[in-house]
Amino acid sequence: MTEHEAESPPSVSHQPFARKVQLKVSKTPEDRPTYPTRQKTCLLTYSKLGGVEGLTLWDAGSTTTAASPAFSQVAGLKVFPLKNPVALQLGTVGSRSNINFGSNAKLTIPGFDNQHYFDIVNLDRYDIVISTPFMHQNNVKLDFESNAVWVNGTHIPAIDGSEGMVARELANCQCLNRK
């Protein structure tokens with residue numbers, strides 16, 4: 001995820017600038033390369049935000065640290081409207097949203113226990129996304145070889161991606177049953 005300042009109010013939509021390109025296309029179709037599941041697995045851990053444990057993606061390609069609205073509600077986070085909403089631009093053309101709300105909440109992970117700012121963003125598979133700026137500020141190392149994350153010199157074993165997804169689905173069911 002990458003954020004860009006909104007050039008106009010959120011209610012105005014713009015068509016993405018499309019440049020006509022001409023590709024040299026082979027007449028022979030080919031298969032995409034395949035990779036073992038382990039090589040496609042992102043580094044996931046659990047983090048506590050507002051005292052509630054959430055599935056956390058460590059995303060070195062993201063410039064925004066974020067929490068989902070659903071998780072923010074369950075965690076009881078106090079959110080506030082942003083004076084200047086920003087556009088959230090994903091890596092593909094036309095894949096865009098707006099960041100309208102933020103929250104300052106206590107983030108607890110091994111190696112870090114403090115208040116931190118979070119954008120409230122419609123996340124699909126994760127409760128929390130940790131961004132590159134946070135990683136720089138807290139000496140984070142993503143260790144794919146040993147499947148771990150290091151924060152300020154503290155080792156955090158990553159969880160198996162499928163384990164995290166199953167736990168998230170169970171948590172969603174429990175949240176729905178509490179209502």
Side-chain angles (χ1 to χ4, degrees), residues 1-7 10 14-19 21 23 32-49 53-72 75 77 79 82 84-105 107-112 114-165 167-168:
M1 293 183 277
T2 306
E3 60 182 292
H4 297 284
E5 295 215 13
E7 299 168 354
H14 295 284
Q15 294 296 323
F17 174 73
R19 179 183 308 154
V21 296
L23 302 174
R32 289 181 70 236
T34 57
Y35 303 96
T37 302
R38 173 124 170 93
Q39 289 182 3
K40 296 188 293 183
T41 302
C42 299
L43 290 177
L44 303 173
T45 64
Y46 290 107
S47 302
K48 283 189 178 179
L49 185 57
E53 195 169 70
L55 183 61
T56 304
L57 170 68
W58 295 81
D59 188 353
S62 175
T63 58
T64 182
T65 297
S68 73
F71 181 79
S72 300
L77 302 184
V79 302
L82 297 177
N84 297 305
V86 293
L88 177 66
Q89 180 68 50
L90 302 179
T92 59
V93 174
S95 181
R96 189 173 176 163
S97 184
N98 286 319
I99 303 170
N100 296 308
F101 295 93
S103 180
N104 290 304
L107 174 64
T108 304
I109 49 179
F112 184 89
N114 212 335
Q115 291 289 118
H116 192 74
Y117 172 80
F118 285 81
D119 287 315
I120 307 304
V121 176
N122 287 327
L123 301 174
D124 184 24
R125 297 183 174 157
Y126 313 103
D127 300 313
I128 301 164
V129 172
I130 302 293
S131 68
T132 300
F134 179 94
M135 293 184 209
H136 281 289
Q137 294 163 359
N138 292 283
N139 194 28
V140 171
K141 292 178 179 50
L142 304 178
D143 185 348
F144 289 94
E145 187 175 332
S146 67
N147 198 35
V149 176
W150 293 80
V151 179
N152 293 317
T154 303
H155 178 263
I156 308 169
I159 60 171
D160 176 78
S162 59
E163 172 192 331
M165 294 303 133
R168 186 167 192 273

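Atom set for the values below is all heavy atoms of this structure, side chains included, hydrogens, waters and symmetry mates excluded.
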Of all the heavy-atom pairs spanning [X] and [Y], show the shortest one and how long it is.
{"X": "I130", "Y": "L107", "answer": "CD1-CD2, 4.1 Å"}
{"X": "A66", "Y": "L123", "answer": "O-CD1, 4.2 Å"}
{"X": "F71", "Y": "L49", "answer": "CE2-CB, 3.7 Å"}
{"X": "G61", "Y": "T132", "answer": "N-OG1, 4.0 Å"}
{"X": "T45", "Y": "P157", "answer": "CG2-O, 4.0 Å"}
{"X": "M135", "Y": "A60", "answer": "CE-N, 3.7 Å"}

Quick check for you: to the nearest 0.5 Å, what is the distance between [X] atom [atom1] and [Y] atom [atom2]?
{"X": "I128", "Y": "I109", "atom1": "CD1", "atom2": "CD1", "answer": "9.0 Å"}
{"X": "L57", "Y": "L43", "atom1": "CG", "atom2": "CG", "answer": "8.5 Å"}
{"X": "R125", "Y": "C42", "atom1": "CZ", "atom2": "SG", "answer": "9.0 Å"}

Side chain proximity check, [X] to [Y], heavy atoms < 4.5 angstrom:
{"X": "W150", "Y": "I156", "result": "no"}
{"X": "P33", "Y": "Y35", "result": "yes"}
{"X": "W58", "Y": "V151", "result": "yes"}
{"X": "T56", "Y": "Y126", "result": "no"}
{"X": "L142", "Y": "V149", "result": "yes"}

If only atom types and distance count, is the side chain of [X] paired as donor or acceptor with the main-chain N or O of [Y] below 3.5 Å?
{"X": "S62", "Y": "T64", "value": "yes"}
{"X": "D59", "Y": "V129", "value": "no"}
{"X": "D119", "Y": "V121", "value": "no"}

| side-chain hydrogen bond (donor to acceptor under 3.5 Å, both in side chains) between T65 and S131, worked out | CA-CA 5 Å; T65 297; S131 68; 2.6 Å; yes
Residues two or more places apart in sequence or in another chain: which of them pass side chain to side chain donor-acceptor pair (under 3.5 Å) with [X]?
{"X": "S103", "value": "none"}
{"X": "S72", "value": "none"}
{"X": "D143", "value": "S146"}
{"X": "N152", "value": "N138"}

- Query: side-chain contact (heavy atoms from CB on, under 4.5 Å) with T108: which residues, sequence neighbours excluded?
  - Reply: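 T108 satisfies side-chain contact (heavy atoms from CB on, under 4.5 Å) with K48, K106, D113 once adjacent residues are dropped.
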(message) Applying side chain to side chain contact (heavy atoms under 4.5 Å, CB included) to I99 and I120, what does each step give before you reach the verdict?
(response) CA-CA 7 Å; I99 303 170; I120 307 304; over 6 Å; no
Which residues share a ring pair (Phe, Tyr, Trp, His ring centres under 6.0 Å) with F118, sequence neighbours left out:
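Partners of F118 under the ring pair (Phe, Tyr, Trp, His ring centres under 6.0 Å) test: H116.
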Notebook entry, point to check: Do F134 and F112 have ring centres separated by under 6.0 Å?
Noted result: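 When the ring centroids of F134 and F112 are compared, they turn out to be within the sub-6.0 Å range.
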Discussion item. I'd like to know whether N139 forms a side chain to side chain contact (heavy atoms under 4.5 Å, CB included) with K141, so could you lay out the CA-CA distance, the side-chain angles of the two residues, the decisive distance to 0.1 Å, and finally the verdict.
Written reply: CA-CA 7 Å; N139 194 28; K141 292 178 179 50; 3.0 Å; yes
Show your reasoning for whether side chain to side chain contact (heavy atoms under 4.5 Å, CB included) applies to S68 and N122.
CA-CA 5 Å; S68 73; N122 287 327; over 6 Å; no
